[in-house]
Amino acid sequence: MPEFLYLRKESHVAVCPLGIIACVGAGVVYHACVGRNSGRCHLFSEQLERPKTILRGKIMKRTKIKALLNAESAMPEIVVKGWVRTKRDSKGFSFLELNDGSCLKNIQTVIDHTPEIEAELAKIGTGASVAIEGELVESPGKGQKWEVRGKSLKMLGEADPETFPLQKKRHSDEFLRGIAHLRPRTNKFGAMFRIRSELAQAIHKFFAEKDFFYIHTPILTGSDCEGAGEMFRVSSLEHGTKAPIEEDFFGKPAHLTVSGQLEAEMFSLALGDVYTFGPTFRAENSNTPRHVAEFWMIEPEMAFADLSDDMDLGEEMIKYTVQHILDNCADDVELFGKWVDKTLMPTLDTLLKNEFIRLPYTEAIEILKKTKKKFEYPVEWGMDLQTEHERFLCEEKFKQPLYVYDYPKTIKPFYMRLNDDDNTVAAMDCLVPRIGEIIGGSQREERLDVLHARMKEMDLPEEEYWWYLDSRRFGTVPHAGFGLGFERLLMLVTGVSNIRDAIPFPRTPNHLEF
RNA sequence: UCCCCAGUAGCUCAAUCGGCAGAGCGAGUGGCUGUUAACCACUAAGUUCGCGGUUCAAGUCCGUGCUGGGGAGCCA
């Protein structure tokens with residue numbers, strides 16, 4: 001897409017309200033259209049008598065800073081656009097360091113002073129956006145291989161230094177959370193969200209290579225009894241109305257999904273191996289560094305699979321995606337290893353090199369009972385593991401990721417498969433250092449009679465689940481799956497300690513800004 | 001939702017026993033220099049989170065509300 005028109009001296013330029021550049025020279029009308037492949041602009045065609053789609057001179061496209069820094073050789077004519085990170089003035093020339101988000105590093109530009117350029121420079125401070133036309137040359141200074149020698153400079157958008165909140169210094173995470181709309185312009189959050197993008201791609205790549213199908217499960221749900229936590233009500237009625245539920249959009253209560261699992265199961269029992277990857281909503285009033293009300297979750301579901309296959313998949317997936325980020329986001333990850341968590345690299349290294357520990361719940365309880373460490377909550381078979389127990393197992397006892405599996409049936413949901421002991425279910429949690437539970441999964445109960453009995457035990461209304469139960473009536477098969485919190489995986493990869501720094505605009509109780 | 005800690009300049013923080021509101025960074029101005037989170041000098045910058053109380057006197061003590069952080073529960 002042409003964005004910048006290189007003009008000869010005799011050319012004249014006009015810019016239409018849509019950002020279209022027309023070039024008029026020697027009595028012939030030429031024009032180029034910004035943002036179009038064709039170079040033809042119909043709006044302008046009407047205004048000009050003899051429209052032609054021939055360009056005079058050469059179209060100059062913005063080159064991303066990442067490409068400039070990776071250049072093999074000098075480049076005679078380039079345009080670089082970005083935000084000023086720092087400006088350093090000298091007598092007769094200035095340095096501008098530009099970042100355009102394409103990578104962590106800035107590019108240094110050097111521009112000799114002319115009256116026009118000095119006027120433009122006077123308006124430019126940290127945070128301003130600029131376009132610079134010039135050449136990429138080897139830098140005579142230390143600290144960088146390449147720099148841009150600018151010939152022209154245009155300020156695109158100013159940033160008043162008196163009010164622009166980002167300064168040329170480190171800011172606290174808490175402060176930056178208050179300006180979540182500007183924080184991606186910092187090194188740390190730019191790196192975070194590049195990694196986030198790459199991590200999402202890695203997940204799709206992982207599943208594609210394993211022939212899993214990507215299923216889009218609904219975000220609006222009619223079942224308010226999925227048992228995975230408090231749900232957000234959705235309504236098209238005015239707030240405070242007393243209208244009966246029949247008058248609401250769906251004619252019955254609607255909520256935002258807390259999990260795509262039940263729907264994913266239906267597709268697993270048709271396409272074999274499937275996964276979902278989408279937003280999930282929990283209306284829990286939990287205020288911790290590991291919880292947000294809106295987060296992204298990956299939920300694979302495999303037909304003809306058991307709990308062991310399930311744990312294999314989770315381990316493989318975590319290792320694959322972590323390795324992918326190390327391979328493809330080296331600079332960005334290095335920033336986190338250096339400034340955020342000094343133990344990040346060793347932690348990831350341990351994770352990659354060792355097999356995840358697989359520990360039955362009953363054995364976990366025995367270990368916890370035997371240890372000298374005093375816990376606030378006494379250890380008893382049948383209770384759920386508390387945070388202090390999980391941390392002890394993961395961070396002190398084994399010092400690496402581990403699965404705990406075969407939990408008591410009394411503390412797990414109805415859909416988990418009952419084991420032969422009649423006391424435990426084929427459930428598994430994957431615990432990782434510092435974060436705790438990153439995966440929760442199970443083999444699903446595929447036997448209709450057992451499922452019936454479990455639902456009765458737990459007092460669930462079977463009529464709500466008629467379609468779910470159908471899957472066990474017609475060609476049921478053993479199957480298993482899990483849910484993995486995307487932001488928690490991102491915390492693992494980057495070492496950040498607060499989940500609100502791993503999602504662009506975090507939603508938590510009483511926080512719906514931006 | 002419960003427990004603990006904090007809130008002072010744009011940012012990060014200091015201010016002794018209740019006794020004149022401070023520093024670094026950032027910003028502005030001037031200077032200097034192929035500079036590297038540049039450097040040097042000067043300048044401006046405050047409802048000490050809000051409300052109420054105790055006191056001759058409150059950033060400091062008490063009550064209360066709000067905001068932020070940490071821990072717990074719940075979970076991914």
Side-chain angles (χ1 to χ4, degrees), chain A residues 85-97 105-112 122 125-127 137 139-144 147 149 159-179 186-187 226-230 258-261 277-299 314 339 375-377 383-391 411-413 429-432 435-441 482-492 497-503 508-511 513:
Chain A
R85 282 296 175 78
T86 122
K87 179 175 78 163
R88 295 183 290 272
D89 295 315
S90 288
K91 193 154 229 161
F93 57 96
S94 292
F95 294 97
L96 288 178
E97 259 188 57
K105 291 196 178 80
N106 305 327
I107 192 147
Q108 171 167 291
T109 67
V110 196
I111 305 183
D112 289 331
T126 302
V137 298
S139 176
K142 284 176 188 164
Q144 61 280 316
E147 68 183 25
R149 182 156 284 278
D160 179 2
E162 294 285 348
T163 52
F164 183 59
L166 294 174
Q167 303 174 353
K168 276 192 290 189
K169 53 175 278 191
R170 287 187 69 188
H171 289 292
S172 66
D173 293 336
E174 293 80 9
F175 173 71
L176 291 171
R177 252 168 245 154
I179 49 167
T186 63
N187 286 340
E226 288 181 44
E230 294 295 311
V258 294
S259 164
Q261 180 201 315
F277 183 7
T280 305
F281 308 88
R282 303 274 168 93
E284 297 288 354
N285 187 15
S286 54
N287 215 319
T288 85
R290 296 180 303 280
H291 291 86
V292 275
E294 178 184 83
F295 63 99
W296 286 61
M297 187 156 66
I298 298 115
E299 295 181 286
W339 300 106
F375 296 114
E376 195 187 331
Y377 290 84
M383 62 154 212
D384 208 354
L385 296 183
Q386 305 296 312
T387 299
E388 56 176 345
H389 306 135
E390 293 181 347
R391 293 193 74 136
I411 56 170
K412 290 292 180 184
D429 284 351
C430 180
L431 310 176
V432 293
I435 296 157
E437 185 180 341
I438 197 169
I439 283 178
F482 62 78
L484 180 146
F486 183 57
E487 284 77 16
R488 289 190 180 173
L489 182 58
L490 206 43
M491 290 170 77
L492 177 71
S497 54
N498 195 313
I499 198 168
R500 284 166 280 199
D501 298 333
I503 188 164
T508 51
N510 287 315
H511 291 276
E513 194 66 59

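Each chain gets a letter, A, B and so on, in the order its sequence line appears, and its residues count up from 1. These numbers come from a predicted model, not from an experiment.
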Quiz item: For B:rC74, which nucleotide is its Watson-Crick or G-U wobble mate, given both distances must be under 3.5 Å?
Solution: none
Quiz item: Taking only N and O in the side chain of A:Gln386, is any of them less than 4.0 Å away from OP1 or OP2 of B:rG73?
Solution: yes
Quiz prompt | Side chain proximity check, A:Arg149 to A:Asp112, heavy atoms < 4.5 angstrom | solution = yes
Quiz item: P atom, B:rG53 versus B:rU60: distance in rounded Å?
Solution: 14 Å
Between the protein and nucleotides 38-45 of chain B, list every N/O to N/O distance that falls short of 3.5 Å.
from: B:rA38; atom 1: OP1; to: A:Lys168; atom 2: NZ; distance (Å): 3.0
from: B:rA38; atom 1: OP2; to: A:Thr86; atom 2: OG1; distance (Å): 3.1
from: B:rA38; atom 1: OP2; to: A:Arg88; atom 2: NH1; distance (Å): 3.0

Quiz item: Has A:Asp160 got more than 12 heavy atoms of other residues, nucleotides or ligands less than 6.0 Å from its CG?
Solution: yes
Practice problem: Kindly indicate whether the side chain of A:His291 and the base of B:rC75 share any N or O donor-acceptor pair separated by less than 3.5 Å? | Solution: yes
Practice problem: Any strand is fair game: report the nucleotide pairing with B:rA21 by Watson-Crick or G-U wobble, both distances under 3.5 Å, or none. | Solution: none
Quiz item: Taking OP1 and OP2 of B:rG34, is either one under 4.0 Å from a side-chain nitrogen or oxygen of A:Ser139?
Solution: no
Quiz item: Rounding to a whole Å, what distance do you find between A:Lys142:NZ and B:rA37:P?
Solution: 14 Å
Exercise. Answer yes or no: does a side-chain N or O of A:Asn498 lie under 4.0 Å from OP1 or OP2 of B:rG70?
Key: yes
Quiz item: How far apart are the closest heavy atoms of A:Ile503 and A:Glu294, and which atoms are they?
Solution: CD1-O, 3.4 Å
Quiz item: Are OP1 or OP2 of B:rG69 and a side-chain N or O of A:Arg500 less than 4.0 angstrom apart?
Solution: yes
Quiz item: If you measure from the ring centre of A:Phe295 to the centre of the six-membered ring in the base of B:rA76, is it under 5.5 Å, with the planes under 30° apart?
Solution: yes
Quiz item: Who is the Watson-Crick or G-U wobble partner of B:rU60, with both distances under 3.5 Å?
Solution: none
Quiz prompt | Residue matched to B:rU67 through Watson-Crick or wobble contacts both under 3.5 angstrom | solution = B:rA6
Quiz item: Are A:Arg290 and B:rC74 close enough that a side-chain N or O sits under 4.0 Å from OP1 or OP2?
Solution: no
Quiz item: Using 30° and 60° as the class limits, which term best fits the ring planes of A:Phe93 and A:Phe95: parallel, tilted or perpendicular?
Solution: perpendicular
Self-check item: From A:Thr387 atom OG1 to A:Leu385 atom CG, the distance as rounded to the nearest 0.5 Å
Solution: 10.0 Å
Quiz item: How close or far is atom P of B:rA9 from atom CD of A:Glu162, stated in whole angstroms?
Solution: 16 Å
Quiz item: OP1 or OP2 of B:rG68 less than 4.0 angstrom from a side-chain nitrogen or oxygen of A:His511, does that happen here?
Solution: yes
Quiz item: Is there a donor and acceptor pair, one atom on the side chain of A:Gln167 and one on the base of B:rG10, closer than 3.5 Å?
Solution: yes
Quiz prompt | From A:His291, A:Arg290, A:Glu284, residue fulfilling side chain to side chain donor-acceptor pair (under 3.5 Å) relative to A:Thr288 | solution = A:His291
Quiz item: Is there a Watson-Crick or G-U wobble partner for B:rA14 with both distances under 3.5 Å, and if so, which one is it?
Solution: none
Quiz item: Any donor-acceptor pair under 3.5 Å joining the side chain of A:Arg170 to the base of B:rC25?
Solution: no
Quiz item: Who does B:rU43 pair with, Watson-Crick or G-U, both distances under 3.5 Å?
Solution: B:rA27
Quiz item: 5'-most contact on RNA chain B: A:Phe164 or A:Thr126, nearest heavy atom basis?
Solution: A:Phe164
Quiz item: What integer distance in Å separates A:Leu166:CG from B:rG26:C1'?
Solution: 12 Å
Self-check item: side chain to side chain donor-acceptor pair (under 3.5 Å), paired with A:Arg85, selected from A:Asn187, A:Thr126, A:Thr186
Solution: A:Asn187
Exercise. With side-chain contact (heavy atoms from CB on, under 4.5 Å) as the test, would you mind laying out the steps for A:Ile179 and A:Leu166 before giving the verdict?
Key: CA-CA 9 Å; A:Ile179 49 167; A:Leu166 294 174; 3.9 Å; yes
Practice problem: Using atom NZ of A:Lys169 as one end and atom P of B:rA23 as the other, report the distance to the nearest whole Å. | Solution: 15 Å
Quiz item: Less than 3.5 Å between a donor and an acceptor, one on the side chain of A:Glu174 and one on the base of B:rG70, is that the case here?
Solution: no
Self-check item: Polar side chain donor-acceptor pair, A:Arg88 to A:Thr86, under 3.5 angstrom
Solution: yes
Self-check item: Candidate nucleotides B:rU12, B:rG34, B:rA76, ranked by approach to the side chain of A:Gln108 - the nearest
Solution: B:rG34
